Amino acid sequence: MKSRKVLIIGGVAGGASAAARLRRLDEHAEIILFERGEYISFANCGLPYYIGGEITDKSELTLQTPRSFHARFNVDVRIQSEVTAIHRDTKTVTVQNIKTGESYEENYDKLILSMGAEPVVPPIDGIRNDRVFTLRNIPDTYKIKGFIEENHPMTAVVVGGGYIGVEMAENLNSAGLDVTIVEMLDQVIAPLDYDMAADVHRHIIEKGVTLMLKTTVKAVKQQGNRLQVALDKGEIPADMVILAIGVRPESRIAKDAGLTVNTRGAIVVTDDMRTTDEDIFAVGDVVQVTDFITREPALIPLAGPANKQGRIAADNVCGGDSRYTGTQGSAILKVFDMTVATTGVNEKTAKRLGLNYDKAFTYSASHASYYPGAQSMAIKTVYEKVTGKILGAQLVGYEGVDKRCDVLAAAIRFGATAEDLTKLELAYAPPYSSAKDPVNMAGYVIQNLLTGKMKNFHWHDVDALPRDGSVTLLDTRTRGEYLNGHIEGFVNIPLDSLRDHLDELDKSKPVYVTCQVGLRAYIGARILSQNGFDTYNLAGGYRLYASIYGIAPIHVMRINPETQRPE
C-alpha cells in the first residue's frame, strides 16, 4: 500500500500539532512541514514576557527545533521555505527557498494550511519607520529586545489596547519605559464589556501607564532620534512605537488557489477542518470558526483552538471522523498583578444579536475571608432569561480568577444553567476557596432573579430614575460608607436598622436599593418585599457604579468575615 504524503504549510500551534498527531496515527506517512521563518514551534504567547524580562532565557521560547521535531516525529521540516502557490489541478505547491531564492515544486496527497495571522499595519504616514515594531514571532521579539538594550529608549507608544497591546504595555513598563496606550475604542480588551473594563482602566493607570481612549493615530514623524506620534487629539513624543491593532488571516495563497475565504480573508472550512477542496484542510488563526454560543461565523485567533483544529485535521487526513464544535473565546490576560478572563459571549454581542438575555454582577472573595490574603473578584455573567442557560462570563480580579473562568467555560461548553452552577461541588479549603464558591454565588444570584426573589436594575438605569419623590431611592450601607461617597438622590438607612424604619417608607412607591456590591441591598430588598414593597436591587452596587463613572476611589475590598463577602 502506497504511503500517504502530507504537506503542512506553517508550524507553531496548528501546523506543529497536526504534524505530531499525523505521525502518531501513521508511522509510514511522508510528512513535510514548510515554515517561512526559522522557528516551527515557539511560545507565541510568551513573547512579551521575554521583552519585559519575566522570561530571561531565550531558549525557553523555542518549544521544538527542526532537529528535535524530526528526531521525535520523523517529520521533514523545511525552515526558511515559503510556499508561494498551491496548484490544485496537479496537487502540487511551489516552494521558494528564502536563502537562495530558488523555487521548486512539491506534490501532495493531502495539504494542511496553517499560515496563521499577520499583524495589521494601517496605511499611516511614517508607519514603516525603524522605530515602529509589530510582534508576531521570535525574530520580532529579538528585534524589539535588541532595540531596547542598544538604544535605551525612555518612552513608548503602544497602538491598540487588545491582549497583545496591554501585555506589551505592561512589559515595556517593566523594562523601565514610560508607556502610553492609544486605543480608538472607549475601552481596552474588546471581549470585555465596558462596565467590566472600567476597573482594568483604573488599574493600568495606577501602574503608571498613560491610557488614551477614543484616540486614533494619524501619522508617525521622525524628529532626530525620536518619533512624534500625531493623534486626532494632538501629538506625543516617543522613542519607539508598538503596533498592536489586531491581526488578519494570512490567506493569500489559499485565495489565489480558488479556495473560499470570507470578507475578512479567513478560509472557510467545514467542521472537519476541510476547505472547499476535499484534499486541503486549514487550521488555526487563518480559518473562519463558528461561535460555539451563537453559531455565527467568527474570527477568534487563539492558541487552544488552533491546537485542537490541528489534531482534528490530522485525524481526518488519516480517515477518521473528528469534528470541531466551535470556539467560545475562553481567554485570560495578566494585567500587571490583575487577572482578566472571559468566556462565551459578552453583553455587546448578546445585544447585537437580539438574544433574550440578562446579566448578573457578583463580587466574591478569592478564598475564605478568615484565611489571610483574600481578595475580591468581579464576575459578570450573561445568561438566557427564560432558561437560565449560561451564555458568557467576564472576570476581573486577582487570585483565583483563572480557575473560576475555567469552571464557567466548562459549564458553558456542556450547556449548564444557573441552577447547575448552584449544584457544582467544587474543591474547598480556606487557602483556596470558600464553602460557597464564587461560581456557586453567580448561580445563586441568577436563580434568585429567575424565580422572582430579586429584581435588578443596572448602573445604566440609575441616572434616569426620578428624583421627584415618586420612587424611593435607598442606600443600605453604613453611615460612614455613605458619607464617603454615594449616588445622588439616594437616602441612607443602614441595613441593620432597616426594620426599625419600615413605617417611614411609602408602600405605594417602588424602592430602588443599593449597597456596596449588592449583598446587603438584596437582604434589604427581601425584607422590604416581604413587607409589601416593590423593590429593585442595583446589580453590582455602588462599587460597580463608582468604578464606571470614576466618582470614588476603588481599592481591594475588605472581606466581611461573617458573610465571607466583600463590603
Side-chain angles (χ1 to χ4, degrees), residues 195 356-364 379-388 417-419 421-422 436 440-546 560 562-567:
D195 42 30
N356 186 23
Y357 78 94
D358 204 346
K359 58 193 173 186
F361 296 88
T362 51
Y363 290 86
S364 300
I379 302 178
K380 178 179 182 177
T381 311
V382 179
Y383 64 95
E384 202 169 60
K385 270 188 177 180
V386 177
T387 65
T417 64
E419 184 177 359
L421 297 188
T422 69
K436 292 180 181 177
N440 297 137
M441 293 303 300
Y444 291 138
V445 169
I446 296 170
Q447 196 177 52
N448 284 337
L449 291 165
L450 292 171
T451 57
K453 295 181 179 66
M454 179 169 69
K455 293 186 290 186
N456 271 355
F457 69 108
H458 293 284
W459 60 270
H460 46 77
D461 302 321
V462 170
D463 290 348
L465 292 174
R467 265 69 172 180
D468 59 0
S470 60
V471 301
T472 300
L473 306 179
L474 182 63
D475 189 322
T476 61
R477 294 176 299 161
T478 65
R479 188 63 180 168
E481 289 174 294
Y482 179 81
L483 294 175
N484 194 44
H486 59 270
I487 302 172
E488 180 185 356
F490 279 71
V491 297
N492 180 222
I493 302 178
L495 174 63
D496 292 344
S497 60
L498 178 59
R499 290 183 180 88
D500 299 331
H501 295 272
L502 293 178
D503 57 351
E504 301 170 14
L505 303 176
D506 187 344
K507 289 185 180 180
S508 68
K509 299 177 182 179
V511 184
Y512 292 84
V513 191
T514 187
C515 64
Q516 187 67 11
V517 298
L519 174 61
R520 283 173 288 177
Y522 166 62
I523 297 171
R526 290 302 299 156
I527 293 171
L528 290 165
S529 64
Q530 292 177 85
N531 280 278
F533 293 87
D534 182 21
T535 60
Y536 299 83
N537 182 7
L538 178 59
Y542 181 76
R543 164 71 170 80
L544 179 64
Y545 183 88
N560 185 315
E562 182 176 340
T563 63
Q564 297 191 13
R565 297 281 289 166
E567 297 286 30

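Just so you know, these numbers come straight off a predicted model, no measurement behind them. Residue indices begin at 1 and follow the sequence shown.
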Go through the side-chain N and O atoms of Tyr522 and Asn448 and say whether any donor and acceptor fall under 3.5 Å apart.
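Side chains of Tyr522 and Asn448: pair found under 3.5 Å.
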Distance-minimising heavy-atom pair for [X] and [Y]:
| X | Y | value |
| --- | --- | --- |
| Asp195 | Trp459 | OD2-NE1, 3.0 Å |
| Leu449 | Ala360 | CD1-CB, 4.4 Å |
| Lys509 | Gly469 | NZ-O, 2.7 Å |
| Asn456 | Ala539 | ND2-CB, 3.6 Å |
| Cys515 | Thr476 | CB-OG1, 3.4 Å |
| Leu473 | Pro466 | CD1-O, 4.0 Å |

Verify side chain to side chain contact (heavy atoms under 4.5 Å, CB included) between Val517 and Leu544, making sure each step is shown before the conclusion.
CA-CA 7 Å; Val517 298; Leu544 179 64; over 6 Å; no
[atom1]/[X] to [atom2]/[Y] distance, rounded to the nearest 0.5 angstrom?
| X | Y | atom1 | atom2 | value |
| --- | --- | --- | --- | --- |
| Asn537 | Leu519 | CG | CG | 9.0 Å |
| Tyr357 | Glu384 | OH | CD | 13.5 Å |
| Leu505 | Asn531 | CG | CG | 10.0 Å |
| Met454 | Thr535 | CE | OG1 | 10.0 Å |
| Tyr542 | Arg520 | OH | CZ | 13.0 Å |
| Phe533 | Leu502 | CZ | CG | 5.5 Å |

Kindly determine whether Leu450 and Thr417 satisfy side chain to side chain contact (heavy atoms under 4.5 Å, CB included), including the steps that lead there.
CA-CA 11 Å; Leu450 292 171; Thr417 64; over 6 Å; no
Tell me whether the count of non-hydrogen atoms from other residues, nucleotides or ligands lying under 6.0 Å of CD in Glu488 goes above 12.
no
Exceeds 12 heavy-atom contacts within 6.0 angstrom, atom CZ of Arg499:
no
Would you sort out whether Thr451 and Glu419 count as a side chain to side chain contact (heavy atoms under 4.5 Å, CB included), showing the intermediate values?
CA-CA 11 Å; Thr451 57; Glu419 184 177 359; over 6 Å; no
Both conditions, 6.0 Å and 45 degrees, for the charged tip of Lys380 above the ring of Phe361: are they met here?
no
Check: [X] side chain, [Y] main-chain N or O, donor-acceptor pair, under 3.5 Å:
| X | Y | answer |
| --- | --- | --- |
| Ser497 | Asp500 | no |
| Arg526 | Lys453 | yes |
| Asn440 | Leu421 | yes |
| Thr514 | Leu474 | no |

Do the non-hydrogen side-chain atoms of Asn492 and Leu483 ever get within less than 4.5 Å of each other?
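No. Closest side-chain heavy atoms not under 4.5 Å.
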Is the shortest heavy-atom distance from the side chain of Ser508 to the side chain of Asp506 under 4.5 Å?
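Yes, at least one pair of side-chain atoms sits under 4.5 Å.
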Could you walk me through whether Leu538 and Ile487 pass side chain to side chain contact (heavy atoms under 4.5 Å, CB included), step by step?
CA-CA 11 Å; Leu538 178 59; Ile487 302 172; 3.9 Å; yes
Evaluate the ring planes of Tyr512 and Phe457, with Trp represented by its six-membered ring, and classify them as parallel (under 30°), tilted (30 to 60°) or perpendicular (over 60°).
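Aromatic pair Tyr512/Phe457 classed perpendicular.
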